[in-house]
Novice: 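One structure is given below, represented as C-alpha cells, and several questions about it will come after.
What you see is a predicted model, and the numbers here were worked out from it, not measured in a lab.
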Amino acid sequence: MSRLLSDDEVSTQLAGLPGWSRSGDTIVATFEAPDFPAAIRLVGLGLVEAAADEAEQMNHHPDIDIRWRTTHWQLSTHDAGGLTQLDIELAHRISAAAATLGATAGG
Ligand code: H2B
C-alpha cells in the first residue's frame with residue numbers, strides 16, 4: 001500500500017504538474033477542446049485510451065468525466081483514502097499523453 005502524501009509533499013509535487021490542482025483528497029485537471037467534436041476526437045484520438053494503458057500498467061485508475069468540450073480528470077488512491085505518489089505519477093503520465101495530442105491541462 002502506498003503511503004499518504006503530506007500536504008506539503010502534495011503542494012511540492014503539484015508545482016511540477018501545470019494545470020493540476022488539489023481538491024480535497026484528490027487532484028484534478030481539465031483538458032478543454034475548442035468544441036464538442038474536438039473534445040470527442042481528443043478523447044477518441046486516444047487520451048482516454050493512452051491514460052487507460054498507463055492506468056492498467058500502474059493498476060491505478062483515474063475518474064474521468066466528459067462534459068461538452070471538457071474532460072475532467074480526478075485522481076485519488078481509494079485504497080489509502082487519499083493522495084499517494086501513485087496519483088502524482090499517473091497525473092504526469094496523463095499530461096504527457098495529452099501533450100502528444102496537443103492538449104494541455106487547464107485549457
Ligand atoms: N485506482 C485508484 N485510483 N485507487 C485505488 O486504490 C486502486 C485503483 N486500487 N485501481 C486498485 C485498482 C485495487 O482496487 C485493485 C484490487 O488492485
Side-chain angles (χ1 to χ4, degrees):
M1 169 87 66
S2 293
R3 74 169 177 83
L4 288 175
L5 297 175
S6 68
D7 292 345
D8 287 350
E9 286 173 319
V10 173
S11 307
T12 303
Q13 299 266 16
L14 282 176
L17 279 166
W20 289 85
S21 58
R22 184 168 189 172
S23 173
D25 283 335
T26 77
I27 54 173
V28 296
T30 296
F31 293 88
E32 193 162 298
D35 55 38
F36 182 68
I40 295 304
R41 272 197 307 279
L42 175 66
V43 171
L45 264 179
L47 182 53
V48 169
E49 214 171 311
D53 289 345
E54 300 293 351
E56 275 300 290
Q57 272 179 37
M58 295 178 63
N59 188 32
H60 195 68
H61 304 84
D63 297 332
I64 309 166
D65 182 5
I66 303 170
R67 304 265 168 140
W68 186 34
R69 56 192 178 97
T70 59
T71 57
H72 299 275
W73 300 73
Q74 189 172 49
L75 309 179
S76 184
T77 305
H78 311 305
D79 295 346
L83 289 167
T84 70
Q85 197 60 35
L86 291 171
D87 302 304
I88 302 297
E89 173 60 23
L90 185 54
H92 279 290
R93 294 187 185 200
I94 292 168
S95 287
T100 65
L101 295 165
T104 51

Novice: Just jot down the side chain to side chain donor-acceptor pair (under 3.5 Å) partners of Ser23, sequence neighbours excluded, or say none.
Specialist: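 Result, side chain to side chain donor-acceptor pair (under 3.5 Å) vs Ser23: none returned.
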Novice: For a quick test of reading the model, state the closest non-hydrogen atom pair linking Gly81 to Leu4 and the distance between them.
Specialist: C-CD2, 4.1 Å
Novice: Within this structure, what is the NE2-OG1 distance for the pair His78 and Thr26, rounded to the nearest 0.5 Å?
Specialist: 10.0 Å
Novice: Could you go through residues 84-92 and list every donor-acceptor pair under 3.5 Å that involves a side-chain atom there, pairing it with any protein atom two or more places apart or in another chain?
Specialist:
residue : atom : partner : partner atom : Å
Thr84   : OG1  : Thr77   : OG1          : 2.7
Thr84   : OG1  : Leu86   : N            : 3.2
Gln85   : OE1  : Gln13   : NE2          : 2.9
Asp87   : OD1  : His60   : NE2          : 2.6
Asp87   : OD1  : Ser76   : N            : 3.2
Asp87   : OD1  : Thr77   : N            : 3.4
Asp87   : OD1  : Thr77   : OG1          : 3.4
Asp87   : OD2  : Thr77   : N            : 3.3
Asp87   : OD2  : Thr77   : OG1          : 2.7
Asp87   : OD2  : Thr84   : N            : 2.9
Glu89   : OE2  : Arg93   : NE           : 2.7
Glu89   : OE2  : Arg93   : NH2          : 3.4

Novice: Return the minimal non-hydrogen interatomic distance between Ala51 and Ile94, and the atom names on each side.
Specialist: CB-CG1, 4.0 Å
Novice: Following the transitive rule for hydrophobic clusters with a side-chain heavy-atom cut-off under 4.5 Å over Ile, Leu, Val, Met, Phe, Trp and Tyr, establish whether Val28 and Ile64 coincide in one cluster.
Specialist: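 Hydrophobic grouping puts Val28 apart from Ile64.
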Novice: Could you pull out all donor-acceptor pairs under 3.5 Å where a side-chain atom in residues 15-22 meets a protein atom, sequence neighbours excluded?
Specialist:
residue : atom : partner : partner atom : Å
Trp20   : NE1  : Ser95   : OG           : 2.7
Arg22   : NE   : Gly24   : O            : 2.7
Arg22   : NH1  : Asp7    : OD1          : 3.0

Novice: Honestly curious: do Leu5 and Trp73 fall in one hydrophobic cluster under the side-chain, below-4.5 Å linking rule?
Specialist: yes
